[in-house]
Amino acid sequence: MRYLEGMNDRQREAVLATDGPLSVLAGAGSGKTRVLTTRIYHLIRTGVPTEHILAVTFTNKAAREMRERLAAQLGEGAPLPLIATFHGLGRVLLEEYGSAIGTPRYFSIFDRGDSERVVKNALKEIGVDPKEVPPRAILARISKAKGEGLTAEGFHERHAHEGFRARLTNDVWTRYDRTLAREKAFDFDDLIALPVRLLEEHADVRAAVEERFHYIHVDEYQDTNELQGRLVNLLAAKHRNIFVVGDIDQTIYTWRGATIDNLLSFDRTYPDAKTIILEHNYRSSGTIVSVANTIIAHNKNRKEKRSVTDNPPGEPITLYAATGAEQEASWVAKEAKKAIAQGAALEDIAILFRTNFQSRALEEALLQEGVPYRLLGTRFFERKEVKDVLAWIRLALLPSREADRMRAVQAPPRGIGKVTLGKLVAGERRALRAGERAKVEAFEAIVAALAEAAESATPSTFVRLVIDKSGLEHAFAGGGEDDHERLENVHELATLATRYDAVAGHEGIAAFLADAALASDQDELDRTPDARGVTLMTVHAAKGLEFDTVFVTGMEEGLFPHEGMGDDENRDEEEERRLFYVAVTRAKRQLVLTFARVRRIYGADYLQEPSSFLHDIDAAHVRYAQTEEEPTVYL
DNA sequence: ACTTGCGTAGTTTTT
DNA sequence: CTACGCAAGT
Ligand SMILES: Nc1ncnc2c1ncn2[C@@H]1O[C@H](COP(=O)(O)OP(=O)(O)OP(=O)(O)O)[C@@H](O)[C@H]1O
């Protein structure tokens with residue numbers, strides 16, 4: 001068993017204890033993910049059929065990486081187990097067993113923008129001004145309640161007496177559900193909530209699913225919410241071979257409903273559970289491990305846990321004080337360039353930040369210095385032009401989709417507007433004037449032609465066809481810089497689709513669509529796998545990753561730790577510190593912290609103070625980088 | 001039906 | 001500052 005070589009005793013124990021419930025609690029860089037992957041490999045090698053194995057990861061990217069690693073170990077063409085995010089798993093369950101609760105065979109998935117639009121319309125229907133009551137607030141409330149397993153009715157029972165806002169939420173929710181049902185769509189929360197309901201209420205489905213997954217693995221278990229925990233427990237109910245790994249110090253999604261209770265109550269849910277603790281950090285230098293330990297020790301709300309490492313102390317941590325955000329960015333870019341000149345690989349460098357808006361200055365500086373980079377969090381799949389193309393594709397596969405038709409008909413504008421569309425929906429086709437009717441028929445001819453092409457085209461050729469036939473290509477071609485960028489984006493979508501070209505026709509295109517719907521946001525690393533560059537992303541997006549050199553920028557009070565509105569208790573400060581702990585522990589060899597004294601937010605300049613987190617670092621581990629002005633001591 | 005121009009509101013973090 | 005919603009013009 002060569003794959004066990006190099007693992008320490010407890011890692012090995014975790015890999016080999018395949019039967020019964022087991023949790024692995026361990027700090028950053030202790031090999032949790034590696035243990036999980038090795039364990040799956042071990043199961044397969046010892047004869048467990050892949051279809052009986054399930055692994056749930058936090059991001060699509062993590063799922064992809066795990067699949068790739070397993071594929072490399074198992075050899076080309078070997079069958080792989082289901083490795084998916086919770087939402088991906090939910091989608092599979094609904095697709096395969098959802099008929100028991102009336103789930104349509106083909107459904108689309110609404111992202112936050114789609115959902116907000118629905119909430120807004122619902123508010124208008126009710127007669128409430130969306131400016132008085134922000135749709136996002138209502139949506140947040142619905143989403144949170146769904147995460148606790150409530151339905152609109154359940155919410156009504158529990159909260160209806162609480163006043164206007166709760167009644168309004170309930171009213172919106174009911175309409176929201178109706179709209180999504182009509183449009184054959186689910187939102188992200190539904191992808192968890194509905195499978196749970198499906199399993200809880202349908203014994204036959206439960207029996208089938210229980211028999212399907214004999215071995216269940218969950219990575220990053222500390223950041224799952226209540227409903228996700230319930231889903232896992234339902235799946236594992238029969239065979240009870242459930243393996244979860246996590247680090248409560250890396251809980252950074254409580255704002256989204258994540259609760260460490262799932263991890264903490266694991267041995268109550270499974271009294272026979274074994275718990276393995278890993279303390280050895282294999283990732284980072286001694287200095288980084290030591291600093292990380294000190295940082296997280298400042299949190300009160302935790303169990304004492306320290307990482308140890310055999311790695312040499314390595315280099316000190318670098319701290320740089322810039323005058324402004326531009327100087328900070330420019331310095332980071334120059335340092336990155338220096339590192340690359342000295343032989344560092346582009347993908348070994350990451351530049352992290354707390355909030356997305358900080359990326360702009362960094363991007364400009366990297367451009368200036370000619371350092372190639374990849375930026376995550378651009379919300380590629382939420383861009384209008386991308387959503388337009390996706391709507392066209394869905395429409396071609398299923399021409400009865402009203403929402404997609406409305407979208408496609410206006411992308412690009414083709415002389416068909418609200419009035420004409422309204423008549424069409426009402427079935428008053430004859431009421432159209434000749435001019436309008438010709439336009440409608442032209443549009444329908446395009447849809448029909450695309451629908452036919454979809455029968456046999458490969459996903460990527462089909463996407464290109466859609467871009468062309470829809471008229472988007474033409475509409476963007478003549479335009480300015482913005483249009484040029486839009487054109488590039490839709491072409492990138494076509495490039496992305498290439499990955500699905502192995503299966504042509506409806507099946508391949510549908511697979512592409514399904515992944516695109518869940519691939520939102522940070523999985524964009526996947527988008528352009530061949531494009532090399534330094535990685536720019538938020539600390540949240542960096543969870544689970546590792547880099548040789550890590551820059552953490554914007555180390556300023558109010559920014560990191562981030563201060564929202566004043567109404568928060570001390571819990572948030574602790575989550576911010578956990579976030580900082582995550583940031584620091586991404587680095588293998590070199591950690592660089594930077595901050596700016598002045599930062600422009602909304603066009604106004606603000607005087608910034610260095611982050612209080614910097615005080616938590618032992619000065620003996622810090623080296624001050626050359627500042628352009630007089631050196632100042634901050635610690 | 002669609003484009004243009006003004007006013008206002010707003011930002012953590014993301015599946 | 002900019003992105004978006006909304007009102008008036010073409
Ligand atoms: N026994 C070992 N010997 C050598 N290297 C190891 C060992 N175990 C893990 N590693 C390496 O340590 C690094 C961290 O492992 P991994 O990403 O699995 O840790 P993790 O606990 O999941 O971290 P995090 O909580 O930060 O996501 C990886 O590069 C991995 O290959």
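Lettering follows sequence order; numbering is per chain, from 1.
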Among [options], the nucleotide that comes nearest once only the side chain of [X] is considered:
X: A:H562; options: B:dT12, B:dT14, B:dT15; result: B:dT12
X: A:P413; options: B:dT3, B:dT15, B:dT13; result: B:dT3
X: A:R354; options: B:dT14, B:dT15, B:dT12; result: B:dT12
X: A:W255; options: B:dT14, B:dT15, B:dT12; result: B:dT14
X: A:H540; options: B:dT12, B:dT14, B:dT15; result: B:dT14

[X] has an atom [atom1]; how far is it from atom [atom2] of [N], in whole Å?
X: A:L191; N: B:dT14; atom1: CG; atom2: C1'; result: 14 Å
X: A:F188; N: B:dT15; atom1: CZ; atom2: C1'; result: 5 Å
X: A:E575; N: B:dT12; atom1: CD; atom2: P; result: 14 Å
X: A:R577; N: B:dT12; atom1: CZ; atom2: P; result: 21 Å
X: A:L579; N: B:dT14; atom1: CG; atom2: C1'; result: 12 Å
X: A:Y581; N: B:dT13; atom1: OH; atom2: P; result: 24 Å
X: A:L352; N: B:dT13; atom1: CG; atom2: C1'; result: 13 Å
X: A:N356; N: B:dG10; atom1: CG; atom2: P; result: 19 Å

Exactly one of A:D189, A:D187, A:T151, A:N225 should register a side chain to side chain donor-acceptor pair (under 3.5 Å) with A:K146. Which one does?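 Result: among A:D189, A:D187, A:T151, A:N225, A:D187 is the only option passing the side chain to side chain donor-acceptor pair (under 3.5 Å) with A:K146.
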Salt-bridged, A:R302 to A:D249, with N to O below 4.0 Å?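 Yes.
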May I ask you to decide whether A:D605 forms a salt bridge with A:R599, counting only side-chain N to carboxylate O separations under 4.0 Å?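 Between A:R599 and A:D605 there is no salt bridge, as every charged N stays at least 4.0 Å from the carboxylate O atoms.
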Sticking with atom P, work out how far C:dC4 lies from B:dT13, rounded to a whole angstrom.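 So the two P atoms sit 15 Å from each other.
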Rounded to the nearest 0.5 Å, what separation is found between the CG atom of A:L376 and the CZ atom of A:R374?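 One finds 7.5 Å between CG of A:L376 and CZ of A:R374.
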Tell me, do [X] and [Y] make a side-chain contact under 4.5 Å, heavy atoms counted?
X: A:E148; Y: A:E226; result: yes
X: A:F353; Y: A:S359; result: yes
X: A:T85; Y: A:F58; result: no

Between A:I601 and A:R256, name the one whose nearest nucleotide on DNA chain B is closer to the 5' end.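 Looking at the nearest nucleotide for each, A:I601 comes out on the 5' side.
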Find which nucleotide of DNA chain B each of A:I252 and A:P134 is nearest to by heavy atoms, and output the residue with the more 5' nucleotide.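 With A:I252 and A:P134 compared, the 5'-side residue is A:P134.
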Mind checking A:R91 for me? I need base, sugar-phosphate or nothing, with any heavy atom below 4.0 Å counting as a touch.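 Nothing: the residue A:R91, judged by heavy atoms under 4.0 Å, touches no strand.
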Across the strands shown, which category fits A:F58 at heavy-atom distances under 4.0 angstrom: base, sugar-phosphate, nothing?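 Sugar-phosphate, no base atom in range.
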Give the ring-plane orientation class for A:F580 versus A:F613, where under 30° counts as parallel, over 60° as perpendicular and anything between as tilted.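 Ring orientation of A:F580 relative to A:F613: parallel.
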Measuring to OP1 and OP2 of [N], would you say a side-chain N or O of [X] lies under 4.0 angstrom away?
X: A:T538; N: B:dT14; result: yes
X: A:N225; N: B:dT15; result: no
X: A:N60; N: B:dT15; result: no

For nucleotides 1-10 of chain C, just jot down a letter per nucleotide in 5' to 3' order: B, S or -, based on protein non-hydrogen atoms under 4.0 Å. B---SS----
